[in-house]
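In what follows, every chain begins at residue 1, and chains take the letters A, B, ... in the order their sequences are listed.
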Amino acid sequence: MPDQLNSAQLEAVQTAAGPLLVLAGAGTGKTRVVTYRIAELIRRGTPAGRILGVTFTNKAAGEMRQRIREILGKQKELPEISTFHSHCVRILRRHIQHLNYPSRFAIYDRRDQLSIARNVLREIRVAANVLRPDDLLAIIGSWKSNSIRAAEAERLAETDRQHVAAVGYRRYQQALRSMGAVDFDDLLLLTDDLFSQHSGSRREEASRFDQILIDEYQDTSSSQYRIIKALAVGHRNLCVVGDDDQSIYGWRGAEVEHILRFKKDWPDAKVVRLQENYRSSMEILQVANRLIEFNKKRFDKQLHSTRIGGERPQVLQFRDETKEAEAIVADIYRWVENRGIPPSDIAILFRTNEQPRAFESELRRAHLPYTLVGGSSFFDRKEVRDLLAYLRVLSSPRDEVSLLRIINLPPRGIGMKTVSRILDVAVSNGVSVWELIERPGELSEISPVALQSLDAFRSLIKSLRRNIEKRTVVEIVRNTVERIGYREEMERIYSDPQEIQSRWAAVEELTNAAAIFDERFKTGTALEGFLDDLTLDAQERESDKEKKLDQDAITLMTLHAAKGLEFPHVYMVGMEEGILPHHRSLKDNEEDVDEERRLCYVGVTRAQDRLTFSMAQTRRKWGKPRPTQPSRFLYELTGQAEGAHTPDKATSTNQMAAPDTRRRAKRKSLR
DNA sequence: TTAGTGACACTTTTT
DNA sequence: GTGTCACTAA
């Protein structure tokens with residue numbers, strides 16, 4: 001990327017007022033334009049605090065903040081850069097009482113949602129072969145992303161399955177509300193509700209900013225779309241940036257149509273197209289262009305390369321996924337050790353979160369530094385979820401999912417029977433579980449021993465909550481771990497000292513996160529903010545030292561997580577039918593495959609200099625090796641498949657070899 | 001009634 | 001590797 005902005009970029013940066021649509025291909029400097037535009041607005045006199053920048057992930061928000069800080073210099077006030085969800089949380093914390101919600105609400109992540117869905121299905125007696133909890137969540141999610149509420153869902157339902165799901169949806173929302181909790185979709189839906197029902201709140205929130213900039217606009221859902229409109233309709237200074245070819249969140253309600261509709265909503269909008277790719281070598285860009293032409297529904301767009309030549313992308317085949325990992329890591333090792341390539345220049349991209357396992361162990365064996373981005377890691381750890389549940393109960397005892405998780409953890413004599421008895425009474429008397437624990441008089445048929453245990457539990461929670469507003473989050477965490485005897489419990493359950501060690505490390509990591517949080521925010525209801533940040537993954541979890549280590553590590557991540565990033569050396573692994581495209585997208589319709597193709601396109605366009613595809617001929621699934629087929633995308637991007645929308649290019653250029661023909665040579669070269 | 005053990009199924013992508 | 005279910009011992 002040159003230091004000078006080209007004319008299109010300059011136009012996007014300097015258009016100061018009115019709606020602006022930036023249609024930008026991959027690697028054309030999209031984020032750079034947003035960053036410079038914000039800096040330019042500030043330079044021209046807009047106070048930084050009056051600018052709202054919305055990104056898709058917290059990672060992207062952090063990077064953007066960092067770059068703006070670099071451009072502006074340290075002493076200046078910074079603009080508000082945040083994700084949609086984080087921004088909505090802040091709005092709701094200020095106004096949610098208008099919607100008859102307590103302002104102390106907890107945010108439930110997928111695991112919590114699953115737990116509620118399970119209970120709902122049990123309550124309405126739905127067998128697992130009719131609807132499983134994750135099915136219910138998927139259906140509710142698709143309704144929510146189309147702004148369909150439970151009542152409407154019940155009207156719209158046609159099939160039996162939909163009827164059951166609609167009933168489940170209603171119960172699910174009731175459960176959330178009674179626990180004072182919201183899920184991720186609710187953050188957007190409730191904000192949308194708030195703005196449409198309470199114009200005062202809308203005006204107040206809209207008047208906070210004079211300029212709004214949205215990155216990755218192709219991934220906005222309909223509730224996000226309406227929220228943006230509600231915030232921007234007054235000042236009309238709305239700049240959106242996106243690329244329809246990189247729309248990969250359709251399954252979450254993202255609609256490419258919003259970016260198409262922009263000109264209709266804002267007829268005077270200025271449109272700027274960025275079509276010069278500064279990132280990838282010509283060879284890589286050719287592969288990308290060839291691939292994406294197989295998608296029929298797309299904006300007419302041509303990406304020009306500004307770089308000539310480059311290394312031709314390779315396709316490697318291996319016997320199984322272990323061999324794949326071995327060989328790829330061996331290849332990386334040679335680049336790092338023999339050619340002095342910094343590990344941070346290298347990324348391994350994959351479709352699903354189970355794929356990196358084999359690569360991780362190979363990388364460890366080779367003593368190559370790596371970081372696994374996203375995935376399950378931290379929050380899926382039992383220890384983290386245990387402690388988090390305690391913290392949530394301390395923050396709000398109405399949080400039933402958390403309360404039920406910790407009520408007998410570590411074991412304290414409150415078993416299944418007692419819990420289900422409490423739940424029965426709670427449901428029939430219409431009171432919360434915590435209320436029953438506080439007033440056990442309403443409980444009947446519970447053994448005196450269990451009552452005693454309940455009483456001890458109540459005192460424990462009460463004493464942990466004492467003075468909670470005055471304490472720092474670290475103190476709360478340490479105190480909780482201490483008082484519940486978590487270390488002792490760990491030593492009791494696990495015999496292997498190494499396992500205890502690694503599990504305890506997660507506890508320490510959570511404590512560190514709390515310490516970092518305390519440093520940054522010294523005021524207010526700290527615990528609640530900490531929990532919000534953790535759930536929305538808005539935390540800067542690593543200390544500075546670890547961050548520096550990370551900076552020189554190989555990156556492992558999913559294709560979804562890779563959006564917006566770039567690396568000199570990219571490996572796209574597991575290029576097989578059923579993985580990319582994923583088999584769940586093959587079932588229904590063509591459009592799902594198009595989204596998988598865009599996902600592949602996103603991966604390809606991350607690469608700057610060198611791109612390697614790999615696949616395994618057999619892959620283990622549930623322990624059994626099964627033969628695989630090369631991904632159709634491999635044929636498409638090598639020009640060996642029919643049906644590209646502009647098929648002329650496919651035969652004109654000198655092709656890289658098909659997966660099969662190239663195999664022997666490649667494997668040799670890797671040894 | 002509770003605590004501990006083993007079989008079992010589950011893994012698309014994420015805020 | 002993890003949560004859930006069914007079974008058994010105390």
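- For A:Arg93 and A:Phe105, the positive end sits near the middle of the six-membered ring, less than 6.0 Å away and at most 45° from its axis.
- Closest to the side chain of A:Asn353, from the set B:dT13, C:dC5, B:dT15, is B:dT13.
- With both ends at atom C1', the span from B:dT12 to C:dT4 equals 22 Å, rounded to whole Å.
- In this structure, A:Ser447 reaches neither bases nor backbone, as no heavy-atom distance under 4.0 Å exists between it and the strands shown.
- Within the 4.0 angstrom heavy-atom criterion, no nucleotide atom of any strand lies near A:Phe84.
- Between A:Asp183 atom CG and B:dT14 atom P the separation is 17 Å, expressed in whole Å.
- Taking atom NE2 on A:His583 and atom P on B:dT11, their separation rounds to 10 Å, with Å as the unit.
- Using a 4.0 Å heavy-atom distance criterion, A:Asn408 is classed as a sugar-phosphate-only contact.
- Listed pair A:Arg351 / B:dT11 fails the phosphate criterion, with no side-chain N or O lying under 4.0 Å from OP1 or OP2.
- Atom CD of A:Glu354 and atom C1' of B:dT11 are 6 Å apart (whole Å).
- Aromatic stacking is not marked for A:His560 over B:dT13, as the cut-offs of 5.5 Å for the centres and 30° for the planes do not both hold.
- The A:Trp251 side chain lies nearest to B:dT13 when the options are B:dT15, B:dA3, B:dT13.
- There is a side-chain donor-acceptor pair under 3.5 Å between A:Gln218 and A:Glu216.
- Which of B:dT12, C:dC5, C:dG3 sits closest to the side chain of A:Lys382 comes down to C:dG3.
- Counting any heavy atom pair closer than 4.0 Å across all strands shown, A:Arg111 reaches sugar-phosphate atoms only and no base atom.
- Rounded to a whole Å, the CG atom of A:Leu137 is 16 Å from the C1' atom of B:dT13.
- Rounding to whole angstrom units, CZ of residue A:Arg357 and C1' of B:dC10 are separated by 12 Å.
- Among the heavy atoms of the strands lying under 4.0 Å from A:Arg492 are primed sugar atoms or P, OP1, OP2 only; no base atom is included.
- Atoms OH (A:Tyr249) and C1' (B:dT12) sit 11 Å apart, rounded to a whole Å.
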Dump the pairs, protein N or O against N or O of nucleotides 8-10 of chain C, anything under 3.5 Å, distances to one decimal.
none

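- The separation between A:His85 atom NE2 and B:dT15 atom P is 9 Å, rounded to whole Å.
- Summarising the geometry, the separation between CD1 on A:Ile493 and P on B:dG4 is reported as 8 Å, rounded to the nearest angstrom.
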Report task. Test A:Leu409 against A:Asp386 for side chain to side chain contact (heavy atoms under 4.5 Å, CB included), laying out the working first. Result -> CA-CA 8 Å; A:Leu409 185 145; A:Asp386 287 348; 3.8 Å; yes

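- Within the nucleic acid shown, A:Asp134 comes within 4.0 Å of sugar-phosphate atoms alone, with no base atom in reach, counting heavy atoms only.
- Stem regions for DNA chain B, each three or more consecutive Watson-Crick or G-U pairs with both distances under 3.5 Å and listed by first number, read B:1-9 with C:2-10.
- Of the candidate nucleotides B:dT2, B:dT13, B:dT14, B:dT2 has the atom lying nearest to any side-chain atom of A:Ala450.
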Report task. Check step by step if side chain to side chain contact (heavy atoms under 4.5 Å, CB included) holds for A:Met179 and A:Glu400. Result -> CA-CA 6 Å; A:Met179 296 176 206; A:Glu400 221 150 86; 3.6 Å; yes

